[in-house]
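For reference, the structure discussed in these notes is given below.
Being a predicted model, the structure only gives us computed values, none of them experimental. Order of appearance sets the numbers: ligands from 1, and atoms from 1 within every ligand.
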Amino acid sequence: MSDAIKKTAEFIVAATNDFKPSTGIILGTGLGDFADRIDTAYSLEYKDIPGFPVSTVAGHKGRLIFGTVEGHRVVAMQGRFHYYEGYGMEQVTFPVRVMKLLGIERLFVSNASGGINPTFRVGDLMIITDHINLMPNPLIGRNKDDFGPRFVDMHNCYDREFAALATSIAEANGLKLQYGVYVATTGPTFETQAEYRYFKAIGGDAAGMSTVPEVIVARHMSVPVFAVSVITNCGLSDEIGDHEDVQRQGRRAGEKMGTLFVEMLKQLK
Ligand code: HPA
């Protein structure tokens, strides 16, 4: 697999004229519009990248975008791979390994999730401060020694300095932020009421079906992580709606998330 990762990275380096992004961004469900804020230099469809899995979910565009945001060089995944689609964890996390080989120094991750914390409202942005992983661990199997150690420390998994920067930017821009623990499930079912209550009892603030595999693999490679969740429904009070509802709510709150990302990138130059 390491060879496959290296081959894919080599292909991309050649296809993008050695673009060298400094920040990797993963755009979650309904959050792909952030791509409009990127001054695009190169755009590669997943299907045209050797070794890349191909996205199957409606609303997930499958492309890798290279460009600048306020002069800051980024590579953004418009569309990610979910475990519930049937991909193995190696495939779900493959792009993060590739982005590391392309030179990223940090990873920004976004997703849509269901609020569990009763103070959360639909459309809130939650800075992920920690997680509870109820999915299979993507590092199970032979360790990729050339990427990182067998046993990975998960303290400060979500970089506190990025969270502090987000807080000061939110204050300056009048954006409301929530903070909390993300519970990762395989999906594709949304939670039962009993499961939402269980997640609340074990310390969760929001539940979703992504992010944690990519974050674990980023931390395996010592890449610092900033992660934001858009609360698209409130599990303990709402009926869930359907996937289109989640996408619609994601797009609305996505504007706020976009502002946060742009302002952070400006300051991280
Ligand atoms: N649960 C899990 N994943 C989700 C939810 C939810 O309530 N909402 C959006 N993604």
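In terms of modelled atom types and a separation under 3.5 Å, the side chain of Asn117 and the main chain of Thr119 share a donor-acceptor contact. The backbone N or O of His82 lies less than 3.5 Å from no partner atom in the side chain of Gln91, so there is not a single donor-acceptor pair.
In this structure, Ser113 has a heavy atom closer than 4.0 Å to ligand 1.
Side chains of Thr192 and Tyr198: a donor-acceptor N/O pair is absent below 3.5 angstrom, by distance only.
Ligand 1 places these atoms under 4.0 Å from at least one heavy atom of Gly114: 4 (C), 5 (C), 6 (C), 7 (O), 8 (N), 9 (C). Contact atoms of ligand 1 toward Thr232: 8 (N), 9 (C) (distance under 4.0 Å to a heavy atom of the residue). Counting atoms of ligand 1 from 1 in the listed order, those under 4.0 Å from a heavy atom of Ala112 are 9 (C), 10 (N). Distances below 4.0 Å separate heavy atoms of Met209 from the following atoms of ligand 1: 2 (C), 3 (N). Listed by number with element, the atoms of ligand 1 under 4.0 Å from a non-hydrogen atom of Tyr196 are 1 (N), 6 (C), 7 (O).
The side chain of Asn233, and not its backbone, has at least one atom closer than 4.0 Å to an atom of ligand 1 (non-hydrogen atoms only; side chain from C-beta on). At a heavy-atom cutoff of 4.0 Å, ligand 1 is contacted by no atom of Tyr182, backbone or side chain.
With salt bridges taken as basic N to acidic carboxylate O contacts below 4.0 Å, none links Asp146 and Lys144.
Residue Leu64 comes nearest to Phe52 through the heavy atom pair CD2-CZ, 4.0 Å, listed as atom of the first residue, atom of the second, then distance.
The distance between the ring centers of Tyr46 and Phe81 falls below 6.0 angstrom.
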